[in-house]
Asks: 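Okay, handing you the structure first.
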Amino acid sequence: MDPLTFDLNTTPLREVNGALHAPGLAAAVTIENPAGAHNVAVGLSGETRVTVKGHVGYYAAGMNQRADVVIEGNAGTGVAENMMSGSVVVKGNASQSAGATAHGGLLVVEGDAAARCGISMKGVDIVVGGNVGHNSAFMAQAGRLVVRGDAGEGLGDSIYETRIYVRGAVASLGADCVAKEMRPEHVEELSDLLKQARFEGDDPADYTRYGSARTLYHFHASNTSSY
Amino acid sequence: MNHAQRGLRESATFDRATIAGIQRAAETGIYDIRGWGAKRSLPHFDDLLFLGASMSRYPLEGYRERCGTDVVLGDRNAKFPLHLDIPVTIAGMSFGALSGRAKEALGRGASEAGTSTTTGDGGMTPEERGQSKHLVYQYLPSRYGMNPDDLRKADAIEIVLGQGAKPGGGGMLLGQKISERVAGMRTLPVGIDQRSACRHPDWTGPDDLAIKIAEIREITDWEKPIYVKVGATRTYYDVKLAVASGADVVVVDGMQGGTAATQDVFIEHVGIPTLAAIPQAVQALQELGLHRKVQLVVSGGIRTGADVAKAMALGADAVAIGTAALIALGDNDPKYAAEYEKLGSAAGFYDDFQDGRDPAGITTQDPELAARFDPIEGGRRLANYLRVLTMEAQTIARACGKAHLQHLEPEDLVAVTIEAAAMARIPLAGTSWIPGR
């Protein structure tokens, strides 16, 4: 199938998203002139390749299933929120709540991600080339978050079963989040994630693993000072 | 001799329930968590009366003349608004809080009566989707089980910002109810306490919500109505902002609204009564010129057809029931009296939904207890109850001379207490006085 190109300067977003939802769409799609538009390429459910040439606003590629989306610019709040599968690559930076509540797939932010990256993540893998802001992986339930730079305050606050790998400094850990031993299986897991995200020059030994101490899994009055 | 005969006088401040509460707190070191809604006495629909027709109004013949009950929800933007036969819907209750069979029964009963059910914190179950002709899918802060396939399977989407029993609070499903199936749907380990978030993870205010609503519309190709549900607190402002954000339907849940499990102090002390919230919501919609265009669904303590009619007369387009629906299914049934006693409760008082030991098999994930509950019989009972609510409301409406439930209006009502008159903005009975006006 021939590649498709949409120009958001001339084609309304509704028309573009409607076309992307067409059953059986297999063509590679390019979206030009997004100019910070919200909700670009949301709700994709086919094995489509979408390239967005420029910056996008909120919720780009939200709830993605199976599609591979590349954003050649920066992304606003909630990029790839609630993604189920497929991949989303942000070539620039991402605003807050990148990959929020996402269940699966791979989100790569080549630059920095702001606050609450991976908040309530439920199985997605997120690899951030630079730094993440405060409260990243807050209440994160499952999946892996890799940060090649530094992490802000409250990393992994009230975390459940997500595993976090950070190469740089962590400003502070949130409640119940602790540093953990890097066993061989973690080195292997991290190497694989870095490879998938095309950051292959890193030494996994430079990373620290963080996860839940599981002391807050049951509510006890004696834990109230932790909240 | 009883207490009074013995010269013992109960304190109004430290009554026996309060004393027991202090003793329990001292014993356990933790606040009381329970289900159900507020149990304190509050100004409510019982404090309003209808002015049936006599000379100055002309009644319709009961049982003979038609009184319409249907309602359309969400026709502002959606390609496929909901057309319901009756204006009584089933409020959101989660699989997790309720057994799968209970969810199935809600679907069966609601479909038989021509109305909608609503999912809850925990995602969509095949039992409920399969049995619900009209299913509203809740989009909650926790986003447990949220996926685009289920969004598309829904008939409407309800973005939940708050709940009447606990505005500002998140859920609290205790570990004993986290079976393998519940844990799987919520992507959490089996058996641990679940703290559902109190706020959405990827938006922080009405401007963001407008974008979120647009996103959901895009994902579902503008087919489904979008509801926004708020717990009744600053209702006037919340409704205005929900509408400004793009809501097709606003759901206002008063503080008598039920819950599966939260702190007793929260249930009893946060939020405002349903009666007080409705006029605020209606005022907000009227000022926006959108009353009856953005529909208002009211919940929180609806029990009878009189409650339904009163809520609608005050300006609601429909109501939602939760606790009453559970009772209709068989919750707190006296046939389990002995078992309720063994749990330290009694039939009619049982509210420990968080424990998962419900003898009626409704608020549990225990397979043996859940198996006691017959979803077909439960569905039949719920359908009966929904019909009774509707017929009762019609009876009142006809007496007020109304050929459709939506023709009921505030001037059909008077209040019997000053408090209710002030909150509902209805004249005190026998006067034209509305406190504050």
Side-chain angles (χ1 to χ4, degrees), chain A residues 13-14 16-18 20-21 38-45 57-60 62-65 76-79 81-84 95-104 116 118-123 135 138-143 158 160-162 212 214 216-222 224 227, chain B residues 25 28-31 33 123 139-152 170 172-176 178 183-204 207-223 261 263 354:
Chain A
L13 178 72
R14 176 78 287 268
V16 175
N17 282 333
L20 292 172
H21 295 172
H38 304 309
N39 305 323
V40 173
V42 296
L44 304 186
S45 58
Y58 282 48
Y59 308 130
M63 297 209 188
N64 183 48
Q65 282 179 297
T77 295
V79 63
E81 67 88 14
N82 214 90
M83 177 162 60
M84 304 300 293
S95 184
Q96 60 188 357
S97 305
T101 76
H103 288 71
R116 302 180 183 88
I119 184 170
S120 289
M121 52 193 280
K122 300 176 197 300
N135 273 42
F138 176 56
M139 291 179 85
Q141 295 173 212
S158 301
Y160 291 96
E161 294 294 300
T162 292
S212 177
R214 303 189 179 97
L216 302 181
Y217 274 17
H218 289 94
F219 187 84
H220 297 295
S222 54
T224 50
Y227 295 106
Chain B
T28 64
I30 190 167
Y31 42 53
I33 294 172
Y139 189 78
L140 290 129
S142 69
R143 311 268 170 92
Y144 288 143
M146 168 55 54
N147 68 72
D149 292 338
D150 287 346
L151 271 182
R152 292 181 177 118
M172 189 179 292
L173 194 61
L174 299 185
Q176 54 265 44
I178 311 301
M185 286 178 71
R186 300 178 181 220
T187 329
L188 285 165
V190 173
I192 67 164
D193 297 348
Q194 293 188 359
R195 300 155 285 169
S196 301
C198 68
R199 58 177 189 259
H200 284 263
D202 53 2
W203 60 271
T204 56
D207 294 339
D208 292 358
L209 175 57
I211 304 168
K212 173 56 71 177
I213 287 176
E215 183 205 9
I216 293 173
R217 285 205 170 104
E218 284 294 316
I219 289 170
T220 55
D221 291 318
W222 289 71
E223 292 180 348
Q263 301 93 332
Q354 77 284 355

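First the proteins, then the strands, lettered A, B, ... as listed; each starts at 1.
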Asks: Does the side chain of A/N39 reach to within under 4.5 Å of the side chain of B/I211, using non-hydrogen atoms?
Replies: yes
Asks: If you round to the nearest 0.5 Å, how far is NZ of A/K122 from CG of B/L188?
Replies: 7.0 Å
Asks: What part of A/E161 lies closer than 4.5 angstrom to a heavy atom of chain B: side chain, backbone, both or neither?
Replies: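 The side chain, not the backbone.
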Asks: Please check this pair: side chain of B/E215 against backbone of A/H38, looking for a donor-acceptor N/O pair closer than 3.5 Å.
Replies: no
Asks: Got a sec: does the CZ of B/R199 have more than 12 other heavy atoms crowding it under 6.0 Å?
Replies: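 Result for CZ/B/R199: open.
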Asks: Checking B/P201 against chain A: side chain, backbone, both or neither under 4.5 Å from a heavy atom?
Replies: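 Both the backbone and the side chain of B/P201 come within 4.5 Å of chain A.
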Asks: Could you tell me whether the side chains of B/D221 and A/H21 share a donor-acceptor contact shorter than 3.5 Å?
Replies: yes
Asks: Would you mind reporting whether B/R152 and A/S45 have side-chain heavy atoms less than 4.5 Å apart?
Replies: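 In short, these two side chains touch, coming nearer than 4.5 Å.
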Asks: Answer yes or no on whether B/K212 is positioned over the face of A/Y58, meaning its NZ or CZ is under 6.0 Å from the six-membered ring centre and within 45° of the axis.
Replies: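 The answer is no; the distance or angle limit is not met.
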Asks: Taking atom NE2 of B/H200 and atom CD1 of A/I119, what is their separation to the nearest 0.5 Å?
Replies: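 Reported to 0.5 Å precision, the distance equals 11.5 Å.
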Asks: Find out whether A/E81 and B/R143 are in side-chain contact, i.e. whether some heavy atom of one side chain is under 4.5 Å from a heavy atom of the other.
Replies: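 The answer is yes, as the side chains (C-beta and beyond) meet within the 4.5 Å cut-off.
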Asks: For B/G191, does its backbone N or O pair with a side-chain atom of A/Y217 as donor and acceptor, under 3.5 Å?
Replies: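 The answer is no, because no donor-acceptor pair under 3.5 Å joins these two groups.
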Asks: Where do A/N17 and B/E218 come nearest, in terms of heavy atoms and distance?
Replies: ND2-OE1, 2.8 Å
Asks: Less than 4.5 Å apart, side chain to side chain, heavy atoms only: is that true for A/M63 and B/L151?
Replies: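 Side-chain contact under 4.5 Å: yes.
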Asks: A/Y59 versus chain B, heavy atoms under 4.5 Å apart: side chain, backbone, both or neither?
Replies: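 Both parts, backbone and side chain.
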Asks: Work out which heavy atom in B/I219 is nearest to a heavy atom in A/G62; give both atom names and the distance.
Replies: CD1-O, 4.2 Å
Asks: Can you find a pair of side-chain heavy atoms, one from A/H103 and one from B/N147, that are under 4.5 Å apart?
Replies: no
Asks: Looking at every non-hydrogen atom in both residues, tell me the closest pair between A/Y160 and B/D193 and how far apart they are.
Replies: OH-O, 4.2 Å
Asks: Is it the backbone or the side chain of B/T220 that comes under 4.5 Å from a heavy atom of chain A, or both, or neither?
Replies: neither
Asks: How close do A/M139 and B/A197 get, counting heavy atoms only, and between which atoms?
Replies: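 For A/M139 versus B/A197, the nearest heavy atoms are CE-N, 4.4 Å.
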Asks: Step by step, would you call B/D202 with A/R116 a salt bridge (charged side-chain N to carboxylate O under 4.0 Å, His left out)?
Replies: CA-CA 9 Å; B/D202 53 2; A/R116 302 180 183 88; over 6 Å; no
Asks: Contact part of B/Y31 toward chain A, heavy-atom cut-off under 4.5 Å: side chain, backbone, both or neither?
Replies: side chain
